[in-house]
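Take a look at the structure set out below.
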Amino acid sequence: MFQDTFAGELATRLGSRVEVATDSNLIEGVLATVTSELILVIDVMSGYGQNNKIYLSLDAVNYITFTSAAA
């Protein structure tokens with residue numbers, strides 16, 4: 001039940017910069033996609049190159065912090 005509410009709230013914040021904490025990682029990037037089971041965070045690196053796509057299970061997320069872009 002909570003997972004559906006969590007996914008619904010995250011879906012309203014697509015495009016936001018986030019920090020996602022799991023048991024073993026802290027991932028920073030842009031929230032790109034949310035489903036009922038997964039989220040996609042795009043790790044936006046400065047400079048040229050490809051952006052890394054990081055898929056995370058909602059079950060693995062400990063917390064998410066919404067951040068602002070650095071000036």
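This structure is a prediction, so every number in the text was calculated from the model and none was measured.
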Check: Ile42 and Lys53: which non-hydrogen atoms are nearest, and at how many Å?
Finding: CD1-CG, 3.6 Å

Checklist line | Nearest non-hydrogen partners of Ala7 and Leu58, listed with the distance | finding: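 Shortest heavy-atom contact: CB-CD1, 3.7 Å.
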
Checklist line | Check against side chain to side chain contact (heavy atoms under 4.5 Å, CB included), Leu26 and Val20 | finding: CA-CA 6 Å; Leu26 181 65; Val20 182; over 6 Å; no

Note to self: Pair Leu10, Ile64 - check side chain to side chain contact (heavy atoms under 4.5 Å, CB included), show working.
What the structure shows: CA-CA 9 Å; Leu10 290 176; Ile64 295 181; 3.7 Å; yes

Item checked: Identified side-chain contact (heavy atoms from CB on, under 4.5 Å) counterpart of Leu56 within the set Leu38, Asn25, Thr22 ->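 The side-chain contact (heavy atoms from CB on, under 4.5 Å) with Leu56 is passed solely by Thr22 among Leu38, Asn25, Thr22.
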
From [X] atom [atom1] to [Y] atom [atom2], the distance as rounded to the nearest 0.5 Å:
{"X": "Phe6", "Y": "Ile39", "atom1": "CZ", "atom2": "CD1", "value": "6.5 Å"}
{"X": "Glu28", "Y": "Ile54", "atom1": "CD", "atom2": "CD1", "value": "10.0 Å"}
{"X": "Thr35", "Y": "Tyr55", "atom1": "OG1", "atom2": "OH", "value": "10.0 Å"}
{"X": "Phe66", "Y": "Arg13", "atom1": "CZ", "atom2": "CZ", "value": "4.5 Å"}

Check: Would Asp43 and Asn51 count as a side chain to side chain contact (heavy atoms under 4.5 Å, CB included) if you check the C-alpha gap in whole Å, the side-chain angles of each, and the deciding distance to 0.1 Å?
Finding: CA-CA 6 Å; Asp43 180 16; Asn51 298 326; over 6 Å; no

Checklist line | Evaluation steps, side chain to side chain contact (heavy atoms under 4.5 Å, CB included), between Val18 and Val41 | finding: CA-CA 8 Å; Val18 294; Val41 176; 4.3 Å; yes

Check: Does atom CD of Glu37 have more than 12 heavy-atom neighbours from other groups under 6.0 Å away?
Finding: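 Atom CD in Glu37 is not crowded, with 12 or fewer foreign heavy atoms closer than 6.0 Å.
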
Next item on the list: Report yes or no: does Gln3 contribute a side-chain atom to a donor-acceptor pair with the main-chain N or O of Ser36 at less than 3.5 Å?
Entry: yes

